[in-house]
Amino acid sequence: MTVADVNGDGKPDIIAANSGSNNVCVLLNIGNGAFSAQTTYSAGSGPICVTAADANGDGKPDIIVANYLSNNVGVLLNIGSGTFTAQTTYSAGAGPSCVAVADVNGDNKPDIIVGNYDSNNLGVLLAYC
């Protein structure tokens, strides 16, 4: 799971991968240590790791999820108020189990780094937008 302010209210919200349900969920922080009921979004098979980063440069944190059994990475774009699009998937190695985001090639765009457990390697998905 990860924490990010997905709705722009200045409070950290919770994002979690639900491997057994093949989805990711978002719980919005409503203050005083309380959270809204989860909103779920479909992911691939066996989502195992999730992070949040501005993948498309619009200033809002998007969801990036490693779908272990689908052998891909899903990106769910934040369309405002803490709601997200259906995932767009990108091929990964066998058994992607961890994702991170960083500008690895110095072009000021967020790149996705994925650890592939079953193929014993790392993949880098360079941003093109």
Side-chain angles (χ1 to χ4, degrees):
M1 87 171 152
T2 193
V3 177
D5 179 11
V6 299
N7 61 353
D9 66 357
K11 295 181 276 216
D13 306 304
I14 299 171
I15 305 166
N18 298 312
S19 185
S21 301
N22 295 329
N23 64 34
V24 294
C25 69
V26 176
L27 293 89
L28 298 176
N29 187 333
I30 56 177
N32 296 323
F35 292 84
S36 66
Q38 71 177 358
T39 301
T40 59
Y41 300 91
S42 292
S45 293
I48 195 166
C49 179
V50 65
T51 193
D54 183 7
N56 62 351
D58 66 357
K60 297 180 289 223
D62 306 304
I63 297 172
I64 298 99
V65 58
N67 296 310
Y68 185 83
L69 297 174
S70 297
N71 296 325
N72 63 31
V73 172
V75 177
L76 296 83
L77 298 177
N78 187 334
I79 56 175
S81 301
T83 57
F84 296 85
T85 63
Q87 73 171 353
T88 300
T89 58
Y90 301 91
S91 294
S97 59
C98 187
V99 290
V101 177
D103 178 12
V104 298
N105 61 350
D107 65 356
N108 294 317
K109 296 176 186 172
D111 306 307
I112 298 171
I113 302 99
V114 56
N116 300 303
Y117 181 80
D118 292 339
S119 55
N120 261 347
N121 62 23
L122 294 173
V124 178
L125 305 170
L126 296 175
Y128 59 89
C129 59

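The first residue of the sequence shown is numbered 1, and numbering continues consecutively from there.
We find the OG1-CG distance between T85 and N78 to be 9.0 Å, quoted to the nearest 0.5 Å. Between D5 atom CG and N29 atom CG the span is 8.5 Å, to the nearest 0.5 Å. Separating the CG atom in L77 from the OG1 atom in T83 is a distance of 11.0 Å, to the nearest 0.5 Å. Between L28 atom CG and I14 atom CD1 the span is 10.0 Å, to the nearest 0.5 Å. Atom OG of residue S45 and atom CG of residue N71 lie 9.5 Å apart, to the nearest 0.5 angstrom. Atoms CG and OG1, on L76 and T88 in that order, are 8.0 Å from each other to the nearest 0.5 Å.
The one candidate from S97, C49, P47 that meets the side chain to side chain contact (heavy atoms under 4.5 Å, CB included) condition with Y68 is S97. Just one residue in the list D54, I64, D111 forms a side chain to side chain contact (heavy atoms under 4.5 Å, CB included) with V101, and that residue is I64.
Closest approach of N7 and S81 over heavy atoms only: CB-C, 3.6 Å. Shortest non-hydrogen contact noted between G46 and S19 is CA-OG, 3.6 Å. Of all heavy-atom pairs between K60 and I79, the closest is NZ-C, 4.1 Å. Taking all atoms of both residues into account, the shortest heavy-atom contact from V73 to A92 is CG2-CB, 4.2 Å. Minimum interatomic distance between I113 and A102 (heavy atoms only, all atoms of both residues): CD1-N, 3.8 Å. Scanning all heavy atoms of the two residues, the minimum distance from A43 to Q87 falls at C-NE2, 3.2 Å.
No side-chain heavy atom of P110 sits less than 4.5 Å from a side-chain heavy atom of I112. At least one side-chain heavy atom of V104 sits under 4.5 Å from a side-chain heavy atom of L126. With a 4.5 Å cut-off on side-chain heavy atoms, V75 and I63 do not count as touching.
A donor-acceptor pair under 3.5 Å is formed between the side chain of N67 and the backbone N or O of G44. Using modelled atom types, no side-chain atom of N18 and backbone atom of V24 make a donor-acceptor pair closer than 3.5 Å. In this structure, D107 contributes its side chain and K109 its backbone to a donor-acceptor pair below 3.5 Å.
Follow the hydrophobic side-chain contacts under 4.5 Å out from I48 and you reach L69 in the same cluster. Residues L122 and V99 do not share a hydrophobic cluster, clusters being chains of Ile/Leu/Val/Met/Phe/Trp/Tyr side chains in contact below 4.5 Å.
Summarising the local packing, OH of Y117 is surrounded by 12 or fewer heavy atoms from other residues, nucleotides or ligands at distances under 6.0 Å.
The ring pair (Phe, Tyr, Trp, His ring centres under 6.0 Å) analysis of residues 84-116, with sequence neighbours excluded, yields the pairs Y41-F84. Listed by first then second residue, pairs satisfying ring pair (Phe, Tyr, Trp, His ring centres under 6.0 Å) with a partner in residues 4-33 number zero, not counting sequence neighbours.
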